[in-house]
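The sequence lines fix the lettering, A, B, ..., with proteins before strands; numbering per chain opens at 1.
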Number of protein chains: 2
Amino acid sequence: MQLIQNISDELILYGIKPSYHRIKIYEYIVNNNIHPTVDTIFKTLSNEIPTLSKTTVYNTLKLFEEQKLIKSVNIEENEIRYDARKNIHGHFKCERCGKIYDFDYNYNDLKYKGLEHFIFNKTDIMIKGICKLCASEN
Amino acid sequence: MQLIQNISDELILYGIKPSYHRIKIYEYIVNNNIHPTVDTIFKTLSNEIPTLSKTTVYNTLKLFEEQKLIKSVNIEENEIRYDARKNIHGHFKCERCGKIYDFDYNYNDLKYKGLEHFIFNKTDIMIKGICKLCASEN
DNA sequence: TGCATAATTGTAATGATTATAAAATAAAAA
DNA sequence: TTTTTATTTTATAATCATTACAATTATGCA
């Protein structure tokens, strides 16, 4: 299947050996752009792969992030979410419905003061508030 | 004492009844601008207040944040840190030494796309990388 | 003083994540 | 194909921050 082939190639490109589980987990994150939690990934894929272990999901996501294939999103207080989008973007969390939105911003205009000679590995803008939909439901 | 008086007044200003524990906890956060964790606050203040309970620290910090007196900083994966600075600023975490730095940025120039009619309650820029000091130690 | 409310405490529960060691699978060598 | 080795996956237990809860203590007011 073409899609699987692409997923597999992308794993290899990032230095990850494409095992069946790894392909399935990455495929899920790419196709479901919902910043899933470990638990969501585990529960959904368990239907397809009954023997799947949660530890495997944890290990795989950690490997993916180390290899810069995906990014963790730390916008929740209690659990980590994952994001496969490669372009620079920020995250908005609605405090009413809980949904997490991606948004673009003009990162080239950002000027940091006091971080000269600091090495940047990861940047994220996190906003919390009420989303448009929830705000219109008052 | 003048300082205590100010702390107490500030709590009242934010709708918080200034009990002894609350004054001590807020005083600690203000005087130690190190984005302390619950555990750090608890252990340090325990020396002065031997009967202090960790639950009280949790409850108090939650109350402070609800009343917008302080902000939680979600830059660590596993634990929450707290910040009493009121001005807008971002956070940089050094992945080598673990230190968290505040930095200023030109937030007036930031333009978000796709968040029209969203209500913002809290904004933070999180950067991870290697700080100047650690970078020079290679 | 006595009562009502708020604040604090100690302990147990929750739940995400990690550690660990065994089992299964894949890859390589003979 | 067999044997050996390395890698991947699994299951279980441990860790640790946070929360729930009920009891206790302190505070404010009639």
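- You'll find the side chain of B:M126 stays beyond 4.5 Å of the side chain of A:T123, heavy atoms only.
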If the sugar-phosphate is the primed atoms plus P, OP1 and OP2 and the base is the rest, what is the B/S/- string for nucleotides 21-29 of chain D, using protein heavy atoms under 4.0 Å?
---------

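- If you measure from atom OH of A:Y58 to atom P of D:dA13, you get 17 Å, rounded to the nearest angstrom.
- With rounding to the nearest 0.5 angstrom, the CD1 atom of B:I88 is 10.0 Å from the CG atom of B:D104.
- Using a 3.5 Å distance cut-off with no hydrogens or angles, the side chains of A:D83 and A:H89 do pair a donor with an acceptor.
- Near-neighbour residues of DNA chain C inside residues 72-83 of chain A, defined by a heavy atom below 4.0 Å, number-ordered: A:N78, A:E79, A:I80.
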Under 3.5 Å, side-chain donor or acceptor atoms of residues 107-119 of chain A against the rest of the protein: list the pairs with distances, not counting sequence neighbours.
from	atom 1	to	atom 2	distance (Å)
A:D109	OD2	A:N106	ND2	2.7
A:E116	OE1	A:G114	N	3.4
A:E116	OE2	A:G114	N	3.4

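- In this structure the side chain of B:F120 never reaches within 4.5 angstrom of the side chain of A:K128, judged on heavy atoms.
- Counting heavy atoms from C-beta on, the side chains of A:I41 and A:T37 never come closer than 4.5 Å.
- Close approach of DNA chain C to chain B, defined as any atom under 4.0 Å from a non-hydrogen atom of the protein, starts and stops at C:dA6 to C:dT11.
- With rounding to the nearest 0.5 Å, the separation of OH in B:Y28 from CD1 in B:I7 is 13.5 Å.
- Sorted by residue number, the members of residues 41-53 of chain A with any non-hydrogen atom under 4.0 Å from DNA chain D read A:T51, A:L52, A:S53.
- In this structure, B:N74 and A:E76 approach most closely via the heavy-atom pair ND2-O, 3.0 Å.
- Summary of the strand contacts: B:V57 and A:V38 both lie near DNA chain C, and taking for each the nucleotide with the nearest heavy atom, the more 5' one is attributed to B:V57.
- Counting only heavy atoms from C-beta outward, the side chains of A:Y20 and A:I49 approach each other to under 4.5 Å.
- At a threshold of 4.0 angstrom between heavy atoms, the contacts of B:S19 are confined to the sugar-phosphate backbone, with no base atom among them.
- Here salt bridge (charged side-chain N to carboxylate O under 4.0 Å, His left out) pairs that include residues 47-67 of chain A, with residues two or more places apart or in two chains, are A:K24-A:E48, A:D39-A:K54, A:E65-A:K122.
- Judged purely by atom type and a 3.5 angstrom limit, B:R81 has no side-chain atom pairing as donor or acceptor with the backbone of B:I75.
- Using a 4.5 Å cut-off on side-chain heavy atoms (C-beta onward), B:Y82 and B:I80 make contact.
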Where do A:E10 and A:K86 land on the salt bridge (Lys or Arg N to Asp or Glu O under 4.0 Å) test, with the steps shown first?
CA-CA 12 Å; A:E10 193 171 355; A:K86 294 283 192 309; 3.3 Å; yes

